[in-house]
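Notes follow the structure.
Everything quoted here is computed from the prediction, not taken from an experiment. In each ligand, atom 1 is the first atom listed, and ligand 1 is the first ligand listed. Side chains are part of it too, since the values below use all heavy atoms of this structure and drop only hydrogens, waters and symmetry mates.
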Amino acid sequence: MITLRKQIDEAVSFLRTKTKAEPSIGIILGTGLGGLAKEIKSEVVIGYEDIPHFPISTVESHHGKLIFGTLVNKQVVAMQGRFHYYEGYTLKQVTFPVRVMKFLGIRTLLISNAAGGVNPQFSRGSIMIITDHINLLGDNSLIGPNDDTLGPRFPDMSEPYSRNLVALAEQVALDLRIRTERGVFVAVAGPNLETRAEYRFLRFIGADVVGMSTVPENIVAIHMGLQVLGFSIITDECFPDSLQVANVEEIIAVAKNTEPKLTAIMKGVIERL
Ligand code: HPA
């Protein structure tokens, strides 16, 4: 069986035949949040289906492309379209692109997602900077033999989201006069949204927002020593005592409407990195 390391090396070798780019920043864009990709002066765009060992995106609102280019004069590589556990991929598949981006040279990973707000002080359309997370996926990206050339068997998780980057993002947002929240992201497997009892539980255990992504990628990034900055757009209010029927079109619309603000923050962060 081909090892994970060999798969990474093959994907990286393939990409090296397509581009000489040396990105220092990787970006994963969430549901309805592909707009930042439009701001990248892209030199090379490669469909996931062409990259060895890459899974292929199935969710309609996602386009599966790896974009190499410059954003505010920094070299970046962005994933337009990510993989979710609920689509049936293993967490190894979900996180494979993060491994590849690391071996392309990134040192910092920026992640965005759409999430439900369980903190009653957060409203729909707000932006939360992720300070910590809870993994309720019932699975882990690092299960299985550990390759010590990638990272340690038991990675430390005392700072899964860089405190420096959280502070930088808050300063950028302040300068732009954009309000942000900070808080804890909890990852669930999905694909169903949660019951009232589950939202009550998630709030009780310390979550501020809930979503179906980001944590697998974060764990792999931390495993390999990357710095991570994460943002959630709160697309729906998940308050158990006043819960409305969820409308996925509306969730995506809220993400789209809030996106310009998040894009401005992310660009500001990249500029000052
Ligand atoms: N739960 C899980 N994921 C989500 C939600 C939610 O309420 N809203 C957007 N993504």
Does a salt bridge link Lys38 with Glu259, judged by any charged N lying under 4.0 Å from a carboxylate O? no
Kindly write out the residues that satisfy side-chain contact (heavy atoms from CB on, under 4.5 Å) with Asn119, not counting sequence neighbours, or none if the list is empty. Gln121, Phe122, Arg203, Asp208
All side-chain contact (heavy atoms from CB on, under 4.5 Å) counterparts of Lys267, not counting sequence neighbours: Leu36, Glu39, Leu71, Val72, Thr263
Centroid-to-centroid, Tyr48 to Phe83, below 6.0 Å? yes
Quick one: side-chain hydrogen bond (donor to acceptor under 3.5 Å, both in side chains) pairs with a partner in residues 91-110, sequence neighbours left out? Arg99-His223
If only side-chain N and O atoms count, and only distance matters, is there a donor-acceptor pair under 3.5 Å linking Ser162 with Asn164? no
Enumerate the pairs of nitrogen or oxygen atoms, one from ligand 1 and one from the protein, separated by less than 3.5 angstrom; state names and distance to 0.1 Å.
residue, atom, partner, partner atom, Å
ligand 1, 1 (N), Glu194, OE1, 2.6
ligand 1, 7 (O), Tyr199, OH, 2.8
ligand 1, 7 (O), Asp236, OD2, 3.2
ligand 1, 8 (N), Gly116, N, 3.3
ligand 1, 8 (N), Asp236, OD1, 2.8
ligand 1, 8 (N), Asp236, OD2, 3.4

